[in-house]
Amino acid sequence: MTLITNSSPFYKNILSTEFYQSKDTLSLARALLGKEIFHETAEGILSGIIVETEAYLQNDKACHAYKGLTARNAPMFGTAGTSYIYFIYGVHHCFNIVSGPDGLGEAILIRALEPKTGLDQMKKNRSKESLKDLCSGPGKLVQAMAIDKNFNGHSLTEPPLFLKQTMKEFEIIETTRVGIGKGKDEHLPYRFYIKGNKFISKP
DNA sequence: GTAGGGATAATCT
DNA sequence: GATTATCCCTACG
C-alpha cells in the first residue's frame, strides 16, 4: 500500500469548507456535479465523479428535516460540507452532503457516480462486473465506495473521505426527484444530472 | 427489455 | 404500527 503524506500532490484541489458554505443548497447541488469523491481504504483508493444529485430543503415536505431536528437528521443541521448518512428500506444506506448555514436542515443526496479509481475493488464490493452497475443509484454507490455509517457527520474536507475539483465540462439537466411520495412536494425540480452521462440512475 | 413486488430494520407517531 | 430520498430478482414478451 502506498503511503500518502499530507503534503502529497494527491491532496491538492480538495474542496474547502468555503466552497460548501458560499452557495445556497440548490446552487450547491448543481456545483457538485462533475466533482470527484475519493475514499482512501485499506484496500486502496476508490473514486468516482458525481453525475447526479438531489437537493432537500428545510421547507420541503420530502426533506428529513422538514419537521425539525431529530436524532437521525441532526447532521443536516450542522456545518455545510459534512456528510449525512442514513439507513433506508431496511437494506441500504444513502450518502448526503450537508448544505446551508449551521442550524438550517438542508442537504444534497448523491444519487450516482461515474466510477474512476479502484474499479476492481468496487466490483468486489458490489459483486457486479459491469461499470454501469457499480454506482448508478444512491444505495449502490455507497456500497461500491465502501462508505458506511461511521462517516455520518464526517467533514468532507479531510481524508479519508473528501471531494476534489475536476476539469470536467457538461450541460446540466434539471428534473423532479426520484422516490418521493404523493403530497410530498414531489413536483419540485430539485434533481440534477449531467446530460448524456450513462452512469446516472435513470433518465 | 421492462414491469411488478418482496426484502428488511431504523426511525418516528 | 406505519412509513421509507432503494435494489434486485423473477416473470413475461
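Naming convention: chains lettered A, B, ... in sequence-line order (proteins, then strands); numbering from 1 in each chain.
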Colleague: Does Phe162(A) have its ring centroid less than 6.0 Å away from the ring centroid of Tyr11(A)?
Modeller: yes
Colleague: Check whether Leu131(A) and Val142(A) end up in the same hydrophobic cluster, where Ile, Leu, Val, Met, Phe, Trp and Tyr are linked by side-chain heavy atoms less than 4.5 Å apart.
Modeller: yes
Colleague: Where along residues 172-200 of chain A does a heavy atom come under 4.0 Å from DNA chain B, residue by residue in number order?
Modeller: none
Colleague: Under 3.5 Å, is there a donor-acceptor pair between the side chain of Thr82(A) and the main chain of Thr79(A)?
Modeller: yes
Colleague: Counting only heavy atoms and a strict 4.0 angstrom limit, can you tell me which residues of residues 46-64 of chain A come near DNA chain B?
Modeller: none
Colleague: Out of curiosity, does Met76(A) fall in the hydrophobic cluster containing Ile180(A) (side-chain heavy atoms, cut-off under 4.5 Å, transitive links)?
Modeller: yes
Colleague: Of Glu52(A), Glu174(A), Glu186(A), which is the lone residue that meets salt bridge (charged side-chain N to carboxylate O under 4.0 Å, His left out) with Arg191(A)?
Modeller: Glu52(A)
Colleague: Rounded to the Å, how far apart are Leu141(A) CG and dA5(C) P?
Modeller: 16 Å
Colleague: Over how many whole Å does the gap from Lys202(A) atom NZ to dT2(B) atom P extend?
Modeller: 13 Å
Colleague: In Å, rounded to the nearest 0.5 Å, how long is the span from OG1 of Thr53(A) to NZ of Lys35(A)?
Modeller: 11.0 Å
Colleague: Would Leu163(A) and Ile110(A) show up in the same hydrophobic cluster when neighbours are defined by side-chain heavy atoms closer than 4.5 Å?
Modeller: yes
Colleague: Separation of Lys128(A) atom NZ from dT6(C) atom P, in whole Å?
Modeller: 18 Å
Colleague: Protein-nucleotides 11-13 of chain B N/O pairs closer than 3.5 Å?
Modeller:
from, atom 1, to, atom 2, distance (Å)
dC12(B), OP1, Thr70(A), OG1, 2.3

Colleague: Determine yes or no for a side-chain-to-main-chain donor-acceptor pair under 3.5 angstrom, with Arg126(A) supplying the side chain and Ala144(A) the backbone.
Modeller: no
Colleague: Sequence neighbours excluded, which residues qualify as side chain to side chain donor-acceptor pair (under 3.5 Å) partners of Asn197(A)?
Modeller: Glu114(A)
Colleague: Please identify which of these residues, Leu119(A), Ile37(A), Thr41(A), Thr117(A), meets the side chain to side chain contact (heavy atoms under 4.5 Å, CB included) condition with Leu46(A).
Modeller: Thr41(A)
Colleague: Is the shortest side-chain N to carboxylate O distance from Glu54(A) to Arg111(A) below 4.0 Å?
Modeller: yes
Colleague: Are the ring centres of His93(A) and Tyr86(A) closer than 6.0 Å?
Modeller: no
Colleague: Given the rule in the side-chain hydrogen bond (donor to acceptor under 3.5 Å, both in side chains) test, do Glu36(A) and Thr166(A) qualify, once you have shown the distances and angles that lead to the verdict?
Modeller: CA-CA 7 Å; Glu36(A) 189 165 0; Thr166(A) 65; over 6 Å; no
Colleague: Heavy-atom contacts under 4.0 Å between residues 86-109 of chain A and DNA chain C, which residues?
Modeller: Tyr86(A), Ile88(A), Tyr89(A), His92(A), Asn96(A), Leu109(A)
Colleague: Before accepting this row, confirm whether a basic side-chain N of the pair Arg177(A)/Asp60(A) lies closer than 4.0 Å to the acidic partner's carboxylate O.
Modeller: yes
Colleague: Check whether the ring centres of Phe38(A) and Phe10(A) lie less than 6.0 Å apart, and answer yes or no.
Modeller: yes
Colleague: Counting runs of three or more consecutive pairs, Watson-Crick or G-U wobble, with each distance below 3.5 Å, where are the stems of DNA chain B?
Modeller: B:1-7 with C:6-12, B:9-12 with C:1-4
